[in-house]
Amino acid sequence: MQEEMQGEIILKLNDHENRISETARRLEQQEQQIKAIGELSLNVRELAVTMKSMIREQISHSERITRLERAPLSRYEKLICSVLSAVAGAAVGFLLNLL
């Protein structure tokens, strides 16, 4: 009878040890997952900051490109105005010489 009780106690202790080992293993896995999630969260935050910076830089480049594209057009318009003024002045001068 006493041997049966000792056998049951040994079985229960072994069962408890197995459960404790399994719980420790699960806890370690949870800790690793939490660490991985934390690292992922930091990486996502860093990515968001980098993307904001890239967007600001892209907007800045876009504005500069727009200004650079308009500069030759502005010069061309001024040149056309100068040529038209010169032609108009020459025409008026020619007409005044005829009178």
Side-chain angles (χ1 to χ4, degrees):
M1 182 82 153
Q2 193 174 15
E3 289 178 15
E4 280 183 29
M5 288 180 70
Q6 285 178 350
E8 284 182 34
I9 291 173
I10 291 173
L11 287 175
K12 285 183 181 182
L13 284 175
N14 285 338
D15 185 47
H16 287 297
E17 285 179 15
N18 290 338
R19 287 183 184 182
I20 290 170
S21 295
E22 180 65 22
T23 302
R25 186 186 63 77
R26 287 184 193 170
L27 183 59
E28 186 176 327
Q29 286 178 343
Q30 289 289 324
E31 289 173 349
Q32 289 174 355
Q33 288 176 351
I34 290 170
K35 183 179 178 182
I37 289 171
E39 290 175 3
L40 181 62
S41 176
L42 290 175
N43 289 339
V44 167
R45 184 179 299 140
E46 185 178 319
L47 179 62
V49 168
T50 302
M51 287 183 68
K52 284 180 184 178
S53 175
M54 288 173 61
I55 288 170
R56 281 190 222 117
E57 190 70 25
Q58 186 177 11
I59 289 170
S60 173
H61 286 310
S62 176
E63 291 170 354
R64 287 177 49 206
I65 288 171
T66 301
R67 283 194 305 265
L68 289 172
E69 287 174 342
R70 289 183 183 166
L73 181 61
S74 176
R75 288 185 206 135
Y76 180 72
E77 288 173 350
K78 287 178 184 177
L79 177 66
I80 295 295
C81 286
S82 297
V83 169
L84 289 177
S85 295
V87 169
V92 169
F94 179 73
L95 288 175
L96 288 178
N97 278 337
L98 289 177
L99 296 175

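This structure is a prediction, so every number in the text was calculated from the model and none was measured.
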Decide if atom CZ of Arg25 counts as having more than 12 heavy atoms of other residues, nucleotides or ligands within a radius under 6.0 Å. yes
Give, for atom CZ of Arg64 and atom CD of Glu69, the distance between the pair rounded to the nearest 0.5 Å. 12.5 Å
Say whether Val87 and Leu79 are linked into one hydrophobic cluster, either directly or through other cluster members, by side-chain heavy-atom distances under 4.5 angstrom. yes
So, Thr50 side chain and Glu46 main chain: donor-acceptor pair closer than 3.5 Å or not? yes
Nearest 0.5 angstrom please: Arg19 CZ to Lys12 NZ, how far? 10.5 Å
Atom pair NE2 (His16) and CD1 (Ile9), whose distance is rounded to the nearest 0.5 Å: 10.5 Å
In sequence, state the C-alpha distance, the side-chain angles, and the governing distance for Lys52 and Ile55, and then conclude on side chain to side chain contact (heavy atoms under 4.5 Å, CB included). CA-CA 5 Å; Lys52 284 180 184 178; Ile55 288 170; 5.7 Å; no
Have a look at Ile59 and tell me which of His61, Glu57, Glu63 forms a side-chain contact (heavy atoms from CB on, under 4.5 Å) with it. Glu63
First locate atom CZ of Arg26, then atom CD of Glu22, and finally report the distance between them rounded to the nearest 0.5 Å. 4.5 Å
Min side-chain heavy-atom separation Leu11-Asp15 under 4.5 Å: no
So, Ser41 side chain and Ile37 main chain: donor-acceptor pair closer than 3.5 Å or not? no
Side-chain donor or acceptor of Ser85 paired with backbone N/O of Cys81 under 3.5 Å: yes
Applying the side-chain contact (heavy atoms from CB on, under 4.5 Å) test to Lys35, which of Glu39, Gln32, Glu31 qualifies? Glu39
Distance from Arg56 atom CZ to Met51 atom CE, nearest 0.5 Å? 12.5 Å
State the CG-CD distance between Leu27 and Gln29, to the nearest 0.5 angstrom. 10.0 Å
